[in-house]
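Computed from heavy atoms alone, side chains included, the values below leave out hydrogens, waters and symmetry copies. Letters A, B, ... mirror the listed sequences (proteins, then strands); counts begin at 1.
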Amino acid sequence: MISLQNLTKRFGSQTAVDALSLEIPAGQIVGFLGPNGAGKSTTLKMLTGILAPTSGTATICGFDLLKDTIEVKRRVGFVPESGAVFESLTGLEYLEMVAALYAIPSEAARARIRQFIAFFDLSFETLTDKLLGAYSKGMRRKVVITAALLHNPPVVFFDEPLDGLDANAAVGFKALIQTLAREGKTIVYSSHILDVVERVCDRVVIIDKGRLLLDGRPDELVASHASGTLEKLFTQLTGGTELEQRAQDFAKTFRP
Amino acid sequence: MLFNKEESDILLHRPVTPRVLLWAKIGVLVRVSLWLAGAFNLAGFFAGIGASDGGWLFPPAHVISTVLEALFCAGSVVVVYQLCLRWFGRERLDGLMTMAQVIVAIVAVLAGQIPQLIGRFNGHLNFNFHSWWVCLLPPAWFAGLDDLIAGSRSGPSAILAVAGITATAAILWLAFEKLARDYESGLQSLGEAAAPKRPRGERRRWLATLAGRPPLRWWLRDPVARASFLLVAAYLFRDRDVKLRVYPGLAPMLVWPVILLFQTHGPGKTDGFSGLSGFSIAFSGIYIGIIPMLALDLLRYSQQWQAADLFRVVPMNGPGPLCDGARRAVLCVLTLPVAGALALLAWQIGSANSLLPLLLPGIIALPVYAMLACIGGRAVPLSLPTEEAKPVGRGATMVAVMLLSGLLALVATLSWNFGWFKWLLPAEVVLAAGLYLLMRASVGAARWTSPE
């Protein structure tokens, strides 16, 4: 479903993504992990057409990212890390705008929006009466997730999707992506909340400095590295050594 | 500066009371006022020494009065905000202040033209320093203080000086003591999102309703252009950041056509040939054409620019339809009302009616000017950070556009005077249509460029 072939992105002399190659079949939930600045968001931005790769390419649903960009975009949904929305629109106006950009007829869009707000426990009045700037962070995130799924894409990229969601919404969201994956959608899930990734994802890809470090099932990776948890494996791989000792030493400096 | 939304998150949980914060802000306001006052009064400090009733006491006296005036101005700003907060509440403060700032920008441009307009109507600016109403003007109070310390030391000067000192003390007391509690509560409620008192949904839907009915429905058949139209129109009506950038930026464009039209009116301005009148009317028409161009440029910037990443994710070959919708919104929301008001004004003024066809060259050029801002798909609305808005670069472009516009107005005026205006119009229509179609094709063919 998704295939990356030597995908590379350079910003001047800095290489953000370095010849990344991956194959992701349909119906899989892939945890896309890496420390800050590893190149996760840049990779997702390239795969969604926001940034142009410096070299290499990718195919999504059989369409080449560079040659059939529009066909790729039709098949992709994206929840960006920023969660930015146009705050002077109401939630409904924003979602109707997104529907128009995907050429979804307004009646179909309205029906779909109603399904989403029912799922996310939002009231239709909130959606029509309040400007997005007055929404809580969690509510705004729900609107962004709805916007990403409105056109029913077979491939969805989530960049820190749980940011701001309350516990109930987060549980509901995790169940939602698992159901979507069972129905054949491919989910790429980038997050720093590793226990959620460990529980939800079928596969984990860890990158650092733009390069692939590890790729496999979370339980198998944890077992093969004898690390106990995905979190410990992640810190081992990405240079986060002696973090607990350093934290204890630092905390001691606060003693009166 | 007084009410910053992020401030409550950053500062209010720290051991800083709102009153301390208020004092700190007032300190900055006063310092800025002093810098400005110092700059404007620099020559005055020395000129006062040489004045017939001046002397060595003038500079220190003027320093005292300038400081007092700066305190009075800074305190007045704070008091006005606090009174608005008390009377209208936090919810409406932003809207009111935005409107006030826009009106101030327009009035500032207009006020600069009042003396010459009065002169044009054969009026006289007879400014009598002994009129009773002069005592109501704050600058007179502080000038009175100067005169009391270093000048004539007359009785009226003493009264004015006392008025200045009393008013400054009263304003500072109101700002820092009496109304400070309103500031505290206003600051604390900044982060609160109060539920709307009455349903606003239907009120907010009027834009979509309008766009869904003829003639806008016919004009906005493309769903992407329609979405962009609604986005831009909503921001022009609702978004404080956009309103504060767009309307004051457009103020000269809104005011100058009116001033130029008034210049065609008045004694001595008769029908028939009048070089300056004709040029003024032609130029005011071209000013209307520049409005969409400048507005589209200003509308590219937003504090929520990251949300515009969405435009690059959706299946669109390029930014053309977005630019198209933004252009139509600006034409509909800003340009048409201004053009209508100007036409009404011109009709009301009446005396230059025979010269009104000279507005046509500007109106014919309007679609070209509007399209000019969209070249290369540049006019994607709200897609750039506000920090990138560079007035210097825009100023250079505007100078070039104004020179070109002046040339067009000159050609129109000359053609009017030499009797070949009737040939100029069709020629301009053909040229404008050609340019418009070429630019439209170019905008349609524009592809996304990498945002790096």
Side-chain angles (χ1 to χ4, degrees), chain A residues 9-12 42 45 47-54 69-90 92-94 96-106 109 124-136 139 144 147-148 151 157, chain B residues 5 91 94 192-196 198-205 207-208 212 220 222-243 302-318 321-322 325 381-382 447-452:
Chain A
K9 182 70 191 177
R10 290 193 194 91
F11 297 103
T42 305
K45 282 184 175 178
L47 292 175
T48 51
I50 296 174
L51 288 176
T54 308
T69 313
I70 295 296
E71 292 306 320
V72 167
K73 287 180 174 184
R74 277 192 227 285
R75 287 159 179 81
V76 163
F78 181 42
V79 175
E81 187 184 15
S82 71
V85 288
F86 291 114
E87 295 181 9
S88 290
L89 296 182
T90 66
L92 185 65
E93 285 172 339
Y94 180 75
E96 284 182 340
M97 182 187 78
V98 174
L101 296 175
Y102 281 102
I104 305 170
S106 58
F124 200 70
E125 285 68 37
T126 304
L127 219 56
T128 54
D129 291 357
K130 279 175 109 175
L131 299 184
L132 282 163
Y135 281 30
S136 69
M139 278 164 67
V144 174
H151 60 296
F157 298 103
Chain B
K5 205 174 178 182
E91 286 288 295
D94 272 355
E192 297 168 12
R198 58 199 170 110
R200 300 176 62 111
E202 286 309 309
R203 280 203 288 148
R204 286 192 170 129
R205 297 290 298 166
L207 263 176
L220 300 166
D222 178 45
V224 177
R226 185 174 178 275
S228 175
F229 175 95
L230 289 172
L231 174 71
V232 169
Y235 267 69
L236 282 171
F237 285 117
R238 298 177 194 159
D239 190 79
R240 182 170 192 266
D241 164 54
V242 163
K243 283 197 277 186
S302 168
Q303 288 176 342
Q304 293 127 39
W305 61 277
Q306 283 180 308
D309 274 354
L310 170 74
F311 299 145
R312 292 171 177 274
V313 176
V314 296
M316 266 195 301
N317 278 320
L322 294 166
L382 316 173
R447 293 291 173 263
W448 291 110
T449 52
S450 194
E452 303 140 46

Interface check, chain A: of B:P315, B:A227, B:S228, most non-hydrogen pairs under 4.5 Å belong to B:P315
Over 12 non-hydrogen atoms of neighbours within 6.0 angstrom of NZ in A:K45: no
Heavy-atom cut-off 4.5 Å, strictly under: side chain, backbone, both or neither for A:F11 against chain B? side chain
Which atoms of B:W448 are under 4.5 Å from chain A, going by heavy atoms: the side chain, the backbone, both sets, or neither? side chain
Closest heavy-atom pair, A:K73 versus B:M316, reported as atoms and distance to 0.1 Å, is NZ-O, 4.2 Å
Counting only non-hydrogen atoms closer than 4.5 Å, does A:E71 touch chain B with its backbone (N, CA, C, O), its side chain (CB onward), both, or neither? neither
Where do B:Q304 and A:E87 come nearest, in terms of heavy atoms and distance? OE1-N, 3.0 Å
Looking only at heavy atoms, the pair that brings A:A100 and B:P223 closest together is CB-O, 3.7 Å
Heavy-atom pairs under 4.5 Å with chain A - which of B:T449, B:V314, B:L322 has more of them than the others? B:V314
Can you tell me which portion of B:L310 sits under 4.5 Å from chain A's heavy atoms? Options are side chain, backbone, both or neither. side chain
CG/A:L89 to CZ/B:R238 distance, rounded to the nearest 0.5 angstrom? 6.5 Å
Rounded to the nearest 0.5 Å, how far apart are CG of B:L230 and CE of A:M97? 10.0 Å
Less than 4.5 Å to any heavy atom of chain B: does that hold for the side chain of A:L92, its backbone, both, or neither? side chain
Separation between OG of A:S88 and NZ of B:K243, rounded to the nearest 0.5 Å: 8.5 Å
Can you measure from CD (B:Q303) to CZ (A:F86) and round to the nearest 0.5 angstrom? 13.0 Å
